[in-house]
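These notes are about the structure you will find just below.
All figures in this text were calculated on a predicted structure; none of them were measured in a lab. Counting from 1, the numbers follow the sequence of the chain as shown. Both ligands and their constituent atoms are indexed starting at 1 by order of listing.
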Amino acid sequence: MNRKYRKTIIAANWKMHKTPTETKAFAERLKSAIPRAKRCSIVLCVPFVDIPAAVKLLKDSRIAVGAQNLHWDASGPYTGEISADMLADLDVKYVIIGHSERRALFGESDLMINQKVHAALGAGLRPILCVGEDRQQRDLGVTLEFITYQLKAALAGVSPEDMRRVVIAYEPIWAIGTGQTATPDQAGEVCSAIRSVLRKLYGARIARSTTIQYGGSMNEANAEALLNQEDVDGGLIGTASLDADQFLQIIYTANQDG
Ligand code: PGA
């Protein structure tokens, strides 16, 4: 982390977990125990149906609510889909875009992801754009090339002004939900390479102020070492975010003085 230049953001990605009733209990616990010092931002990316409950309960707190997906068009014949404006109208602030599960299981292409980034920005939402290599790409030594490609594709046409609202999440696919976290050095290396790509695309100032999270089996035991990396500015946390106390431990770590 480098809090001098950019925000540290700890975000939960609940995926398809928790009912609205469970969301209430979680939000209450979280609200009652978050640290007073505001050294990191906190976001809960919940399933669509949990959004109203989360927004209502967290209204007077500093915890923002995020979604996990959206459609790229403003409206239309897309049965089962949700638009950026619908989310913004509910007071959603962030939206995860390009998660590897959506790319792999729901056929999301780089073009769709780019369009979703534009849709989110157009509605005033902050995209959390996920990039990351699979095991084979890492073994073949093409991680940085692949991530550079993903970034360029997803950010095509995004203005420098809008880029200030984009958060990047580096999520190596082999580390997601596997318990096999990237080492701090591996995470730091890729996050700093991501910042170099942003420097080339948007210049030094924007690159320096962009929050780049790590995601992939981050938990209370490994968070400190990962966040100690200069270019790792937070976490996108799946499994360990489902338990309020585990998630709080990661928040406490990110919130430490120094
Ligand atoms: P994980 O999920 O923490 O369970 O690995 C992270 C993510 O997929 O965002």
Side-chain angles (χ1 to χ4, degrees), residues 8-18 22-23 26 30 40-48 50 54 63-70 92-108 113 116-117 120 125-135 137-138 143 146-147 150-151 154 166-184 186-188 190-191 194 211-227 229 232-254:
T8 300
I9 304 178
I10 300 296
N13 174 12
W14 281 0
K15 311 192 181 186
M16 197 174 73
H17 293 284
K18 296 196 191 290
E22 290 166 336
T23 301
F26 186 102
L30 196 62
C40 72
S41 301
I42 305 161
V43 185
L44 282 192
C45 297
V46 303
F48 289 132
D50 295 338
I63 304 162
V65 176
Q68 301 170 12
N69 184 29
L70 82 178
V92 166
K93 303 287 185 217
Y94 290 81
V95 58
I96 298 172
I97 297 177
H99 191 282
S100 59
E101 285 153 15
R102 297 221 50 96
R103 293 180 193 255
L105 304 172
F106 301 96
E108 289 197 10
I113 289 162
K116 287 180 180 210
V117 168
L125 302 171
R126 296 193 65 181
I128 300 177
L129 170 65
C130 301
V131 296
E133 81 287 3
D134 65 18
R135 170 50 69 196
Q137 288 161 333
R138 175 155 286 268
T143 296
F146 180 67
I147 286 170
Q150 281 188 317
L151 286 169
V166 177
V167 175
I168 309 287
Y170 166 53
E171 297 211 312
I173 294 170
W174 47 271
I176 294 177
T178 58
Q180 202 198 335
T181 322
T183 64
Q186 285 171 329
V190 180
C191 289
I194 289 173
T211 297
I212 304 175
Q213 302 173 313
Y214 167 80
S217 300
M218 194 188 237
N219 57 37
E220 69 269 42
N222 58 36
E224 183 162 14
L226 289 161
L227 295 171
Q229 294 286 320
V232 177
D233 309 312
L236 182 56
I237 299 139
T239 313
S241 76
L242 295 174
D243 179 277
D245 290 302
Q246 278 184 42
F247 188 54
L248 276 162
Q249 286 306 321
I250 300 173
I251 293 170
Y252 296 149
T253 301

- Task: Starting at CG of Asp245, measure out to CG of Leu30 and round the result to the nearest 0.5 Å.
- Result: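 It comes to 9.5 Å.
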- Tell me, please: is Ala240 in heavy-atom contact with ligand 1, that is, under 4.0 Å?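 Heavy atoms of Ala240 never come under 4.0 Å of ligand 1.
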- Query: Would you say the side chains of Glu133 and Tyr170 form a donor-acceptor pair under 3.5 Å?
  - Reply: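 Judged by distance alone, the side chains do pair up.
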- Item | Under 3.5 Å side-chain donor-acceptor pair for Gln68 and His99 |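 Absent: no donor and acceptor within the cut-off.
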For ligand 1, which atoms, with element, lie under 4.0 Å from some heavy atom of [X]?
X: Gly216; value: 5 (O)
X: Gly238; value: 1 (P), 2 (O), 3 (O), 4 (O), 6 (C)
X: Gly177; value: 1 (P), 4 (O), 5 (O)
X: His99; value: 7 (C), 8 (O), 9 (O)
X: Ser217; value: 1 (P), 3 (O), 5 (O)
X: Lys15; value: 2 (O), 7 (C), 8 (O)

- From the candidates Glu171, Gln68, Glu101, the one that places a heavy atom nearest atom 9 (O) of ligand 1: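 When every heavy atom of Glu171, Gln68, Glu101 is considered, Glu171 comes closest to atom 9 (O) of ligand 1.
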- What class does the angle between the rings of Phe26 and Phe247 fall in, given that below 30° is parallel, 30 to 60° is tilted and above 60° is perpendicular?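 Correct class here is tilted.
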- Message: Applying a heavy-atom cut-off of 4.0 Å, say which part of Ala175 lies close to ligand 1: side chain, backbone, both or neither.
- Response: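 Backbone only.
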- Message: Please classify the Thr239 to ligand 1 contact at 4.0 Å (heavy-atom distances, strictly less than): side chain, backbone, both or neither.
- Response: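 Answer for Thr239: both.
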- Between Thr181 (side chain) and Ser217 (backbone), is there a donor-acceptor pair under 3.5 Å?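 Side chain of Thr181 to backbone of Ser217, a donor-acceptor pair under 3.5 Å: yes, one is there.
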- salt bridge (charged side-chain N to carboxylate O under 4.0 Å, His left out) involving Arg103 - partner list, sequence neighbours excluded: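 Result, salt bridge (charged side-chain N to carboxylate O under 4.0 Å, His left out) vs Arg103: Asp110.
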- Message: In the structure I gave you, are the side-chain heavy atoms of Gln213 and Met218 within less than 4.5 Å of one another anywhere?
- Response: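 No, too far: nothing below the 4.5 Å cut-off.
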